[in-house]
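Written below as structure tokens is the structure these notes are about.
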Amino acid sequence: MTDLSARARTLREVLALHNYRYHVLDDPTIPDAQYDALYQELQQLETLHPELLTADSPTQRVGAHARPGFTQVTHRIPMLSLNNGFLNSEIEAFDRRARESLGVDCVEYACEPKFDGLAVSLTYEKGLLVQGSTRGDGETGEEVTANLRTLHTIPLSLPIKNPPERLEVRGEVLMQKADFEALNIAQKARGEKIFVNPRNAAAGTLRQLDPALTARRPLSFFAYGVGALEGFALPATQGALMAQLALLHFPVAAECALVSGVEGLLAYFKRIQNARAALPYDIDGVVYKVNDFAQQARLGFVSRAPRFALAHKFPAEEALTEIMEIDVQVGRTGTITPVARLKPVFVGGVTVTNATLHNEDEVRRKDVHVGDTVWVRRAGDVIPEVVSVELGQRPVHAHAFVMPTHCPVCGSQVIREEGESASRCSGGLFCPAQRKEALLHFAHRRAMDIEGLGDKRVDQLVDGGWVHSSADLYGLTMEQLSQLPLMGEKSAENLIAAIQRSRTTTLARFIFSLGIRNVGEATARDLARQFGDLAPLMSASTEDLLQVPDVGPVVAQSIHDFFAEGHNREVIERLQQQGVHWPIHEASSTLPLSGKTFVLTGTLPHLSRDEARARIEVLGGKVAGSVSAKTHYVVAGSEAGSKLERAQALGVTVLDEAQLLLLLKQEHSPS
DNA sequence: GATCCTCGAGTTCT
DNA sequence: CTCGAGGATC
């Protein structure tokens with residue numbers, strides 16, 4: 001190693017250390033001028049000898065160029081969401097479940113503030129920061145490495161000799177209150193956009209395409225966990241992990257603490273609640289995690305949320321405003337929803353003007369009148385909701401809401417079924433509102449994914465009489481589109497191209513796009529997998545449909561009714577004529593167990609229900625809930641009940657676990 | 001029959 | 001995000 005490269009390396013290490021002392025510890029040990037001198041020395045060295053430049057050099061925080069957009073990244077381990085609790089009783093229930101599941105008298109918890117920012121993930125390979133991404137939907141997020149590199153509190157490399165092969169650090173990016181105020185003053189002085197709250201400012205900054213801009217905005221980072229690991233020895237507890245992250249120079253919140261039992265949790269909550277206003281950043285609650293990782297593993301997950309952690313949230317901020325009007329909206333299924341039009345009010349960080357009142361009963365229950373003064377908040381800090389009415393302030397001219405007897409859009413009768421909370425327009429697809437919503441659903445990103453077909457466009461197409469059903473979309477021409485107002489040549493081209501692209505789709509998307517009542521994305525996928533193609537699904541009896549997992553009598557009836565409707569069959573036929581198609585999923589018809597239906601009953605000695613189900617489904621079999629003549633196998637464990645009796649009565653083959661495993665093995669590797 | 005869990009549907013604002 | 005309701009499980 002030459003003297004120069006040794007010097008460059010020393011400079012990098014010294015600068016990284018002082019950067020850490022300054023930005024993370026807030027305890028610099030050298031004057032700024034001296035830091036600047038060292039920085040310039042390194043910069044000069046790198047300019048003269050570009051071969052000395054490394055990715056983790058402090059001079060490389062801001063990348064050179066703005067890029068056209070962000071790419072998607074799939075998290076190696078999903079970034080989960082947490083269950084929420086507001087009431088002490090909910091916290092007590094959380095602690096009780098943890099104690100009972102673990103069989104202990106008292107659980108130790110790691111507590112931390114719940115930052116009101118954006119969750120991000122930082123991947124270090126061989127000690128170098130190689131990727132930073134947003135949480136996104138938890139499965140996939142956006143790659144924002146260049147922007148995250150500009151945060152001085154994020155290490156570009158790990159300050160250790162033998163770094164792990166891979167370490168993924170997770171934490172929150174946020175803007176501190178003081179930084180937010182200063183930024184807005186500067187923005188105003190420059191005549192630029194004012195941010196409404198620190199969270200939005202942080203989100204907007206992180207999504208800047210030009211990292212140089214991100215670098216000029218003051219973002220902070222706090223670590224609170226890890227994701228994918230290779231060659232990293234995970235400590236035994238959350239508390240120890242936080243200590244280790246701090247050793248690796250990651251900022252961790254000073255408010256982190258270990259407590260015992262529910263009393264400890266509630267005391268911690270109170271302490272942080274009292275300190276909230278004085279904290280340098282916004283928080284919306286605190287987070288409790290079972291401290292011991294082995295205990296965490298035993299508690300496991302419920303769907304996408306861990307059972308070993310809970311977010312204890314502060315009550316949402318509430319504000320007073322007035323109800324100007326109560327309108328109704330017509331949804332895709334004809335649901336008539338009353339909506340409160342509010343006098344604009346700033347609450348929970350945004351200005352709220354609308355709030356749903358859900359249904360007639362809800363309006364009665366809350367006793368909301370037009371003209372009332374009401375308390376409003378953002379439920380879960382997102383969706384506005386009317387909390388209560390200040391009855392004392394009800395003006396004399398206030399009047400109650402009356403559910404219309406006829407649809408405000410098509411004039412059809414409004415019907416409320418016995419036992420249902422929703423009122424519905426009976427117009428079906430005759431109702432333009434329902435037709436529009438149906439088209440929007442059809443074009444939805446998760447359905448046929450026709451980009452550029454938003455509500456404004458659909459309004460034009462339906463109101464102009466160009467499009468009546470989804471099939472009409474495929475007959476649209478450039479000439480027709482160019483007659484529409486506000487439709488340039490380019491956007492017409494784009495729309496036609498998007499419609500063209502959607503002709504090739506998947507069966508699951510197609511089924512979802514039809515908008516069958518009670519059939520959402522998940523059920524559409526199940527149906528596609530079970531039936532393999534559309535024709536068998538269309539001709540399926542309710543009996544056949546009931547064989548599909550998670551399809552019960554109500555869903556089966558909805559599907560059957562939908563395909564019995566002549567108009568629906570006609571639209572489907574026209575769609576196929578127009579070239580809408582999907583690959584027939586060969587896999588499903590050629591898998592060894594496809595078409596075979598299993599029913600599990602009782603407790604198996606080794607496999608859990610979920611494992612058994614997963615193993616059967618991998619080979620194309622389906623697992624149904626109840627035994628019928630169409631069931632091929634019943635797998636019975638100990639304490640099998642009525643299902644076993646029914647299987648014997650119907651003469652269905654009964655397997656025990658060993659026989660099932662044998663069957664799976666044979667089918668898996670047929671000789 | 002009670003309880004847990006998942007899915008569907010409607011919804012707000014930027 | 002939240003509610004309600006459908007389905008599965010005990």
Side-chain angles (χ1 to χ4, degrees), chain A residues 81-84 86 93 97 137 193-197 199-204 207 284 301-305 307 311 313 316 327-342 344-359 361-362 365 376-386 417 419-424 433-434 437-438 440-441 444 446-447 455 512 515-527 545-559 599-603 608-610 613 623-626 639-643:
Chain A
S81 48
L82 296 179
N83 282 324
N84 291 327
F86 286 93
R97 277 165 81 167
D137 63 4
K193 168 183 161 189
I194 306 277
F195 292 99
V196 66
N197 58 45
R199 196 183 179 284
N200 283 5
R207 300 205 70 247
D284 54 5
F301 298 82
V302 176
S303 85
R304 302 180 66 207
R307 255 192 292 245
K313 306 256 263 195
D327 292 340
V328 295
Q329 287 175 356
V330 186
R332 170 166 69 87
T333 60
T335 331
I336 308 274
T337 311
V339 186
R341 307 291 177 201
L342 306 167
V345 59
F346 191 76
V347 58
V350 298
T351 304
V352 167
T353 51
N354 300 312
T356 176
L357 294 167
H358 296 109
N359 55 56
D361 290 349
E362 177 88 357
R365 200 159 42 231
V376 174
R377 73 173 170 208
R378 296 214 299 153
D381 282 324
V382 178
I383 295 177
E385 117 184 302
V386 172
E417 300 278 354
E420 282 210 10
S421 51
S423 305
R424 287 199 159 82
Q434 290 187 53
E437 294 296 329
L440 280 171
H441 174 79
H444 192 270
R446 315 200 65 132
D455 53 359
F512 177 50
I516 304 168
R517 182 103 74 96
N518 299 315
V519 175
E521 215 182 347
T523 309
R525 259 201 308 272
D526 285 347
L527 292 170
L545 292 163
L546 283 170
Q547 297 302 313
V548 180
D550 299 321
V551 171
V554 175
V555 178
Q557 194 64 49
S558 300
I559 299 168
V599 172
L600 304 172
T601 178
T603 312
S608 75
R609 263 197 132 71
D610 284 345
R613 166 187 284 245
V623 177
S626 57
E639 291 163 57
S642 60
K643 287 182 198 170

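Note that the structure is predicted; figures quoted are calculated from it, not measured. Below, chain A is the first sequence line, B the second, and so on; all start at residue 1. Side-chain atoms are counted along with the backbone in the values below, which use heavy atoms only and exclude waters and symmetry mates.
With DNA chain B read from its 5' end, the first of the two nearest nucleotides for A/Thr356 and A/Lys193 is the one closest to A/Thr356. Heavy-atom distances to DNA chain B give each of A/Thr335 and A/Val350 a nearest nucleotide, and the one nearer the 5′ end belongs to A/Thr335.
Summarising the geometry, atom CD belonging to A/Glu362 is positioned 11.5 Å from atom OG1 belonging to A/Thr337; distances are rounded to the nearest 0.5 Å. Separating the CG atom in A/Leu545 from the CG atom in A/Leu527 is a distance of 7.0 Å, to the nearest 0.5 Å.
Rounded to whole Å, the distance from CD1 on A/Ile559 to C1' on B/dC7 is 13 Å. When the C1' atom of B/dG10 is taken as reference, atom CG of A/Leu357 falls 13 Å away, rounded to whole Å. The nearest whole Å value for the distance from the CG atom in A/Asn83 to the P atom in C/dC1 is 11 Å. Separating the CZ atom of A/Phe346 from the C1' atom of B/dC13 is a distance of 12 Å, rounded to the nearest angstrom. At whole-Å resolution of the value, NE2 in A/His358 and C1' in C/dG4 are 10 Å apart. Going from atom CG of A/Asn359 over to atom P of C/dG4 covers 8 Å, rounded to whole Å. A straight line from NZ of A/Lys313 to C1' of C/dT2 spans 12 Å, rounded to a whole angstrom. Atom CZ of A/Phe86 and atom P of C/dT2 are 7 Å apart (whole Å).
For the OP1/OP2 pair of B/dG8 and a distance below 4.0 Å, the side-chain nitrogens and oxygens of A/Arg446 include no atom meeting the criterion. Side-chain N/O atoms of A/Thr353 include one lying less than 4.0 angstrom from OP1 or OP2 on B/dC13. At B/dT12, none of the side-chain N or O atoms of A/Arg378 fall inside 4.0 Å of OP1 or OP2 (strictly under the cut-off). Taking side-chain N and O atoms only, A/Gln329 has no distance below 4.0 Å to OP1 or OP2 of B/dG10. OP1 or OP2 of B/dC13 has at least one side-chain nitrogen or oxygen of A/Asn354 nearer than 4.0 Å.
Among the protein residues, A/Arg307 comes within range of the sugar-phosphate backbone only, with heavy atoms under 4.0 Å from sugar or phosphate atoms but none that close to a base. Nucleic acid contact class of A/Glu521 (heavy atoms, under 4.0 Å, all strands): sugar-phosphate only. At the heavy-atom level, A/Val196 lies nowhere under 4.0 Å from the strands shown.
In this structure a side-chain-to-backbone donor-acceptor pair under 3.5 Å is missing from A/His358 to A/Ala422. Looking only at distances, no side-chain donor or acceptor of A/Arg377 sits under 3.5 Å from a matching main-chain atom of A/Ala316.
Nearest heavy atom pair, residue A/Gly552 against residue A/Leu546, reads C-CD2, 3.3 Å. Closest approach of A/Thr333 to A/Gln434, counting heavy atoms only: C-OE1, 3.8 Å.
When the nucleotides C/dG7, B/dG8, B/dT12 are ranked by their closest atom to the side chain of A/Thr523, B/dG8 comes out on top. Picking from C/dG7, B/dG10, B/dT12 the nucleotide with the shortest atom distance to the side chain of A/Thr337 gives B/dG10. Nearest to the side-chain atoms of A/Arg97 among the listed nucleotides C/dG7, B/dC5, B/dA9 stands B/dC5. Checking B/dC13, B/dG10, C/dG6 against the side-chain heavy atoms of A/Val352 singles out B/dC13 as nearest. When the nucleotides B/dC7, C/dG6, B/dC13 are ranked by their closest atom to the side chain of A/Ala522, B/dC7 comes out on top. Closest contact between the side chain of A/Arg517 and the listed nucleotides C/dG7, B/dA9, B/dG10 involves B/dA9. Closest approach to the A/Pro384 side chain among B/dA9, B/dT12, C/dG7 is made by B/dT12 (side chain taken as heavy atoms from C-beta onward).
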